[in-house]
Amino acid sequence: MTEAVSHSPQSPARRAWRRFRAHRPGYWSLLIFCVLFVLSLGAELLSNDKPIIVRYAGHWYFPIFHVLPETTFDGDFHTPTDYLDPFIRAQLAKPSNFAIFPPNPYHHDSINYFATDPNPARPTRANLLGTDDRGRDLLACLLYGFRISVLFALVVTALCALMGILYGAIQGFFANWTDIAMERFVEIWNSMPQLYMLIIFSALFAPSISLLVIIIAAFGWMSIAAYVRAEFLRNRTLDYVRAARALGQRRRVIIFRHILPNALTPIITLIPFEMAGAIGALTSLDFLGLGAPPGTPSLGELLAQGKANLDAWWISLATFTVLVGTLLLLTLIGDALRDALDPRKAIVTKAAGDAA
């Protein structure tokens, strides 16, 4: 007597996740990128010139959260404590006192005035990746700069996706003259030289992260809108949309509840590439001196320092490695998402599973 072999049905999301995991470069790139991003979110605990916990004269302090004057540790001044000062280090090293410092005892804006080597200094045990031309620890600058770049890219991508979805949905759903007029606007807006516009606006207004987000998002939504428009034009004539219209459902319900969920595939696959583009744009503007405000940790500023100090090879090498590595991880993640959400590969995978 033979028994029928039953296969438990899997949801499309589960099958897409299995295809994504099968794409080993993209899967490992996602894991590595997530680990690096989570570590960067806790950069103050990994790289900071202030101790995390201090016990001094029987009292507990948390300098990472509170600014303490130098007199707290029997210093002479009421100014904020410089924990790189050898006197403060000696005070904290006395018996019954102790301090827990982060693994890298430098913030992105801290300068070690007690260093013996001129800046930019080569990598040493004190500064594992060396210092820049201002005396800042390069490892701390890269860690905080990576966090700023990724957060900036996430915000820009979210705004681009929101604007692209709304614009493409209206354009594709109503079609006809609405589609023609909106498509002409996209063609005119897309024909403008984006880099020159970014440079002009950055030069006219005071530099700020929020201004850069608005400017870059204003030009980054068009690729998403094009894909959403194509999906809406294809889905608006299908039977389930006609049935929803026949039942008298509102256009808003049809757009966001029926068509949009079926049009999210190209948006998801574009997210890593949009993030890579936003990071590249921010780095380019910072390299030209038209990006983030002075004092903001920036990969572009470090590249400019490497260009200005060709003999300090460690600045260019470390910054280039971080930037290229980040863009490579995002590109591999995007390739894996594209393969995982490809309907043709979904059919092949389902047929192979049925045959097994």
Side-chain angles (χ1 to χ4, degrees), residues 9-38 149-173 186 190 213 216-236 238 240-241 252-282 325-350 353:
Q10 292 184 344
S11 64
R14 186 180 295 272
R15 291 196 297 267
W17 173 247
R18 289 184 59 186
R19 292 192 298 272
F20 181 83
R21 291 193 61 180
H23 194 289
R24 306 308 296 177
Y27 176 70
W28 283 106
S29 296
L30 177 63
L31 293 181
I32 295 173
F33 182 81
C34 290
V35 170
L36 294 177
F37 179 55
V38 171
S149 298
V150 176
L151 290 175
F152 176 85
L154 288 173
V155 175
V156 169
T157 303
L159 291 178
C160 291
L162 179 61
M163 292 187 292
I165 289 173
L166 292 177
Y167 196 92
I170 295 174
Q171 187 178 2
F173 181 80
V186 170
N190 195 31
V213 168
I216 296 178
F219 291 96
W221 58 269
M222 287 177 285
S223 58
I224 295 179
Y227 282 98
V228 175
R229 168 182 174 269
E231 290 293 323
F232 269 75
L233 288 175
R234 183 176 63 87
N235 284 272
R236 68 188 296 271
L238 298 182
Y240 75 95
V241 177
R252 181 179 59 206
V253 176
I254 297 175
I255 292 175
F256 294 103
R257 184 176 297 179
H258 296 289
I259 302 181
L260 183 58
N262 296 313
L264 289 178
T265 297
I267 301 173
I268 296 175
T269 57
L270 282 175
I271 285 177
F273 300 105
E274 289 287 337
M275 291 182 60
I279 292 176
L282 177 63
T326 303
L327 298 181
L328 179 61
L329 290 176
L330 291 173
T331 302
L332 292 175
I333 294 171
D335 290 338
L337 284 175
R338 183 175 54 193
D339 292 342
L341 299 176
D342 190 348
R344 294 170 298 180
K345 295 192 175 184
I347 295 174
V348 173
T349 304
K350 185 177 184 301

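Side chains included, hydrogens not; waters and symmetry mates left out as well; all remaining heavy atoms used.
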With a 3.5 Å cut-off and sequence neighbours excluded, list the donor-acceptor pairs that the side chains of residues 155-164 form with protein atoms.
from	atom 1	to	atom 2	distance (Å)
T157	OG1	A153	O	2.7

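In this structure, L337 and P272 approach most closely via the heavy-atom pair CD1-CG, 3.7 Å.
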Verdict with reasoning, I279 to F152, per side-chain contact (heavy atoms from CB on, under 4.5 Å): CA-CA 7 Å; I279 292 176; F152 176 85; over 6 Å; no

Chi angles and distances behind the side-chain contact (heavy atoms from CB on, under 4.5 Å) call for W221, I165: CA-CA 8 Å; W221 58 269; I165 289 173; over 6 Å; no

R24/Y27 under side-chain contact (heavy atoms from CB on, under 4.5 Å): CA gap, chis, key distance, verdict: CA-CA 5 Å; R24 306 308 296 177; Y27 176 70; 4.3 Å; yes

Y240/N235 under side-chain contact (heavy atoms from CB on, under 4.5 Å): CA gap, chis, key distance, verdict: CA-CA 9 Å; Y240 75 95; N235 284 272; 3.1 Å; yes

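Within a 6.0 Å sphere centred on OH of Y227, heavy atoms belonging to other residues, nucleotides or ligands number 12 at most. Within a 6.0 Å radius of CZ in R252, other residues, nucleotides and ligands contribute 12 heavy atoms or fewer.
Atom CD1 of I32 is separated from atom OG1 of T326 by 11.5 Å, given to the nearest 0.5 angstrom. Within the model, atoms CG of L330 and CZ of F273 stand 9.0 Å from one another, a figure rounded to the nearest 0.5 Å. Within the model, atoms CG of L30 and CZ of R21 stand 11.0 Å from one another, a figure rounded to the nearest 0.5 Å. To the nearest 0.5 Å, the span separating CD1 on I255 from CG on L166 amounts to 9.5 Å. Remark: W28 CH2 to L329 CG distance equals 13.0 Å, nearest 0.5 Å. Summarising the geometry, atom CZ belonging to F232 is positioned 12.5 Å from atom CZ belonging to R229; distances are rounded to the nearest 0.5 Å.
Here the side chain of R236 pairs a donor or acceptor atom with the backbone of F173 at under 3.5 angstrom.
Taking the side chain as every heavy atom from C-beta outward, L154 and F37 approach each other to under 4.5 Å.
Residues passing the salt bridge (charged side-chain N to carboxylate O under 4.0 Å, His left out) test with R234 are E231, sequence neighbours excluded.
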